[in-house]
Asker: 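My questions all concern the structure below.
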Amino acid sequence: MLKIYNSLHNRKQDFIPLEANKIRMYVCGMTVYDYCHLGHARVMVVFDMVYRYLKAAGYEVTYVRNITDIDDKIIKRANENAEPFTALTARFIQAMHEDEQALGVLSPTHEPRATDNIPAMLAMISTLIEQGYAYVGSNRDVYYDVSKFEGYGKLSGRRLEDLRAGERIAIDEAKHDPLDFVLWKAAKAGEPAWDSPWGLGRPGWHIECSAMSSSLLGTQFDIHGGGHDLKFPHHENEIAQSEACNGHQYVNYWMHNGFIQINDEKMSKSLNNFFTIRDVLQVYKAEEIRYFILNSHYRSPLNYSHEPLDNARAALTRLYTALRDLPNAEAPVNSEAEQRFRAVLDDDFNTPEAIAILFELARDINRFRREQNDLAAAETAALLKKLAGILGLLEREAESWFKGSGIEGLADAAIEALIQQRLLARTQKNWAESDRIRDELKAQGILLEDQAGLTTWRRV
RNA sequence: GGCUGGGUGGCAGAGUGGUCAUGCAGCGGAUUGCAAAUCCGUCUACGCCGGUUCGAUUCCGACCCUAGCCUCCA
């Protein structure tokens, strides 16, 4: 039985989909005005893992992740660059897709863009106005009236009085209440704008998710995910909009992933302590980043530094070592290891425990090899690959992990030639020459390993 | 101030009312020409103070420290 920690109730709950064997899931995606950073990588990878596991668990999953391609930051950045905002967003959507592909993130079922869904947003805003949940402000902006929605604050555990007592809410004369949020923003001269019953303007941020999720998944669906910082106000406002508009519960299970931190502080643009995915890919392999993310629980904070990434490299090397040079085989069906693997993922996606099971399998494989039980080794390796694949790990060939691209440094053929020379020396028990060649290669980052009369090599 | 979370061995990071996380590192052994890899064994833990209990790192309460949200933010 799958259990999910539901942020709406702050506890783990049995997961029961609205429709048997089908899951409808929505995740808040990126605002595309810059390169994605590691925090975005975490959302991508975490929910990609969720998506993969739910499918592997036999569900038919419809996964929607939106792209916010119009908002204040986009307009500002486009103006700074003196380019149309559409050129800016097209460029960063492309970059985002490249980053996702590098990280082994599967494409969602749908990837709607805000600018393609303005009519659905207008319809929703109209309904909210008709039903008395929204009003047109003195500045022609349309606002949501939070006082009209009884459940406001239920996701984030806040009460309106507490929020009003806060000192950080900007005073805005156009609003009835400082907590009211904008649904439609009237355009200033020169800004991108769409026509609406309230004049030219653009949608507020929150309305896009409400409108697009409803369009693609229906007015009520199973899982809604996003970064922890979106819980308030973004997700709270989505609930207010959708439930007021549709008159029933919006989302059954809310999932929020924890942050990536730098020196125990949140990674963010304002603190200027962020690393883009492509920065990190200069130093670490994509699979190492993926391992780093999945080796902690998705709700925990995750501190970024070279140590856990180096650790990921060592850990993946151990796993790929177990897989190396084994023939293809059928994975055993419904093994004890697989059952435990599924059980820990059923427990709110406990990926660190799942990874621990992968290491048990690696040890089993190594034992079988030692016993010369090649069939059992190959079958266990197939199981290891199968289970790791649910996490999006160990999907490449072991040899390519060890030998890399070979673009830099010694060519594969040159390495092989030196290994042949060394083998000759070894048959003559010329250990000095043998060790000299091994040291020479080591100096160029090539590690030789002699086993059972064979010499294998890898780049380190 | 209000609301959420955390504090685990040298590091990272799970978990549990009473034998084992896991990976890296360390130590001992096997194997190896020597290594590497691998296998076997092994040492370092549960912020602090009380309470419940036969027994708490795990439950409860106080305290200390810490992160996040309350403003755009994954």
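Heavy atoms only: backbone and side chains are in, while hydrogens, waters and symmetry mates are out. Each chain gets a letter, A, B and so on, in the order the sequences are listed, and its residues count up from 1.
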Asker: Classify A:Ser300 by what it touches in the nucleic acid, base, sugar-phosphate, or nothing, heavy-atom distance under 4.0 Å.
Answerer: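 If one applies the 4.0 Å heavy-atom cut-off, A:Ser300 turns out to touch the sugar-phosphate alone, with no base involved.
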Asker: May I have the distance from A:Asp435 (atom CG) to B:A36 (atom P), rounded to whole angstrom?
Answerer: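 Going from A:Asp435 (CG) to B:A36 (P), I get 12 Å.
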Asker: Quick one: do the A:Gln94 and A:Glu98 side chains pair a donor with an acceptor below 3.5 Å?
Answerer: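 Side chains of A:Gln94 and A:Glu98: pair found under 3.5 Å.
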Asker: A:Leu230 near the nucleic acid: base, sugar-phosphate alone, or nothing, with a heavy-atom cut-off under 4.0 Å?
Answerer: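 The answer is sugar-phosphate, as A:Leu230 gets under 4.0 Å only of primed atoms, P, OP1 or OP2.
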Asker: Would you state whether a donor and an acceptor, one from the side chain of A:Arg159 and one from the base of B:C3, lie under 3.5 Å apart?
Answerer: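 No such pair is found, so the answer is no.
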Asker: Nearest-Å distance, CD1 (A:Ile355) to C1' (B:A21)?
Answerer: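 A:Ile355 atom CD1 is separated from B:A21 atom C1' by 13 Å.
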Asker: To the nearest Å, give me how far apart CZ (A:Arg459) and C1' (B:A36) are.
Answerer: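 A:Arg459 atom CZ is separated from B:A36 atom C1' by 18 Å.
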Asker: Heavy-atom nearest nucleotide on RNA chain B for A:Arg299 versus A:Glu353: which residue maps closer to 5'?
Answerer: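 Of the two residues, A:Arg299 wins.
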Asker: Base, sugar-phosphate, or nothing: which does A:Arg313 touch, judged by heavy atoms less than 4.0 Å apart?
Answerer: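 Since no nucleic acid heavy atom lies under 4.0 Å of A:Arg313, the category is nothing.
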Asker: If the cut-off is 4.0 Å, is A:Arg367 near the phosphate of B:C40, judged by side-chain N/O to OP1 or OP2?
Answerer: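 Indeed, a polar side-chain atom of A:Arg367 lies that close.
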Asker: Does B:A12 have a Watson-Crick or wobble mate here (both distances under 3.5 Å), and if so which one?
Answerer: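 In the structure as shown, B:A12 has B:U22 as its Watson-Crick or wobble partner.
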Asker: Identify whether any heavy atom of A:Arg369 sits under 4.0 Å from a base atom; if not, whether one sits that close to sugar-phosphate; answer base, sugar-phosphate or nothing.
Answerer: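 No contact.
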Asker: Over all strands shown, is A:Tyr5 touching base, sugar-phosphate only, or nothing at heavy-atom distances under 4.0 angstrom?
Answerer: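 Answer is sugar-phosphate: A:Tyr5 comes under 4.0 Å of backbone atoms only.
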Asker: Across the strands shown, which category fits A:Gly227 at heavy-atom distances under 4.0 angstrom: base, sugar-phosphate, nothing?
Answerer: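 The answer is sugar-phosphate, as A:Gly227 gets under 4.0 Å only of primed atoms, P, OP1 or OP2.
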Asker: Classify the nucleic acid contact of A:Asn311 as base, sugar-phosphate or nothing, counting any heavy atom under 4.0 Å across all strands shown.
Answerer: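 It contacts base atoms.
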Asker: CZ of A:Arg438 versus C1' of B:A37: gap in Å, rounded?
Answerer: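 For the pair A:Arg438 CZ and B:A37 C1', the rounded distance is 12 Å.
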Asker: Please give, in whole Å, the distance from B:A14 P to A:Asp348 CG?
Answerer: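 Going from A:Asp348 (CG) to B:A14 (P), I get 12 Å.
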Asker: The test is side chain to side chain donor-acceptor pair (under 3.5 Å); show your working for A:Asp346 and A:Tyr53 and say whether it passes.
Answerer: CA-CA 9 Å; A:Asp346 269 346; A:Tyr53 179 61; 2.8 Å; yes
Asker: May I ask you to establish whether A:Arg65 and A:Phe47 are in a cation-pi arrangement, using a distance under 6.0 Å from NZ or CZ to the six-membered ring centre and at most 45° from the ring axis?
Answerer: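 Pair A:Arg65/A:Phe47 does not count as cation-pi.
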Asker: Please state the C1' separation for the pair B:A56 and B:U8 - nearest whole angstrom.
Answerer: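 Straight-line distance between the two C1' atoms is 14 Å.
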Asker: Can you check the distance between B:C46 and B:A37, where both ends of the measurement are the C1' atom (answer in whole Å)?
Answerer: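 Between the two C1' atoms, the distance is 33 Å.
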Asker: Counting any heavy atom closer than 4.0 Å, what does A:His234 reach on the DNA or RNA strands: base, sugar-phosphate only, or nothing?
Answerer: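 No contact at all - A:His234 keeps every heavy atom at 4.0 Å or more from the nucleic acid.
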Asker: Please determine whether a side-chain nitrogen or oxygen atom of A:Arg318 lies at a distance below 4.0 Å from atom OP1 or OP2 of B:C39.
Answerer: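 Yes, within the criterion.
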Asker: Describe the nucleic acid contact of A:Leu358 in one word from base, sugar-phosphate, nothing, applying a heavy-atom distance below 4.0 Å.
Answerer: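 Result for A:Leu358 = nothing.
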Asker: For RNA chain B, whose closest nucleotide is more 5', that of A:Ala432 or that of A:His37?
Answerer: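 Nearer the 5' end of the strand: A:Ala432.
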Asker: Looking at A:Arg342 and A:Ala56, would you say the former's side chain and the latter's main chain have a donor-acceptor pair under 3.5 Å?
Answerer: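 Side chain of A:Arg342 to backbone of A:Ala56, a donor-acceptor pair under 3.5 Å: yes, one is there.
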Asker: Could you give the CG-to-C1' distance, from A:Leu319 to B:C24, as a whole number of Å?
Answerer: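 Interatomic distance, CG of A:Leu319 to C1' of B:C24: 13 Å.
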Asker: Using a heavy-atom cut-off of 4.0 Å across all strands, would you classify A:Asn257 as base, sugar-phosphate, or nothing?
Answerer: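 Base, at least one base atom sits under 4.0 Å.
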Asker: Both distances below 3.5 Å, Watson-Crick or wobble geometry, any strand: find the nucleotide opposite B:G41.
Answerer: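 In the structure as shown, B:G41 has B:C27 as its Watson-Crick or wobble partner.
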Asker: Respond yes when some side-chain nitrogen or oxygen of A:Asn350 is under 4.0 Å from OP1 or OP2 of B:G15, and no when none is.
Answerer: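 For A:Asn350, the contact criterion (side-chain N or O under 4.0 Å from OP1 or OP2 of B:G15) is met.
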Asker: Does B:U4 pair with anything, Watson-Crick or G-U wobble, both distances under 3.5 Å, and if so, with which nucleotide?
Answerer: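 In the structure as shown, B:U4 has B:A67 as its Watson-Crick or wobble partner.
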Asker: A:Glu208 and A:Thr68: side-chain donor and acceptor closer than 3.5 Å?
Answerer: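 Yes - a donor-acceptor pair under 3.5 Å links their side chains.
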Asker: Can you check the A:Asp162 CG to B:U4 P distance for me, whole Å?
Answerer: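 One finds 10 Å between P of B:U4 and CG of A:Asp162, rounded.
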Asker: Please work out whether the ring planes of A:Tyr152 and A:Phe181 are parallel, tilted or perpendicular, with thresholds of 30° and 60°.
Answerer: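 Answer is parallel, since the angle falls under 30°.
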Asker: Find the distance A:Phe259:CZ to B:U66:C1' and express it as a whole number of Å.
Answerer: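 It is 15 Å, rounded to the nearest whole Å.
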Asker: Describe the nucleic acid contact of A:Glu360 in one word from base, sugar-phosphate, nothing, applying a heavy-atom distance below 4.0 Å.
Answerer: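 Result for A:Glu360 = nothing.
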Asker: Does atom CD of A:Glu150 have more than 12 heavy-atom neighbours from other groups under 6.0 Å away?
Answerer: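 Open.
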Asker: Any base atoms under 4.0 Å from A:Gly258, or only sugar-phosphate, or nothing? Heavy atoms, all strands.
Answerer: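 Base contact.
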Asker: Within the 3.5 Å criterion, strictly below it, is a donor on A:Tyr291 or A:Asn311 matched to an acceptor on the partner's side chain?
Answerer: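 Side-chain D/A pair, A:Tyr291 to A:Asn311: absent.
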Asker: Reckon A:Arg422 touches a base, only the sugar-phosphate, or nothing at all at heavy-atom distances under 4.0 Å?
Answerer: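 Touches a base.
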Asker: Quote, to the nearest angstrom, the P distance that separates B:G15 from B:C59.
Answerer: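 So the two P atoms sit 12 Å from each other.
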Asker: Hey, does A:Asp310 reach any base, or is it just sugar-phosphate, or nothing, if we go heavy atoms under 4.0 Å?
Answerer: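 Since no nucleic acid heavy atom lies under 4.0 Å of A:Asp310, the category is nothing.
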Asker: Check whether any side-chain nitrogen or oxygen of A:Lys266 sits under 4.0 Å from OP1 or OP2 of B:C69, and answer yes or no.
Answerer: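 Checking B:C69 against A:Lys266, a side-chain N or O does come within under 4.0 Å of OP1 or OP2.
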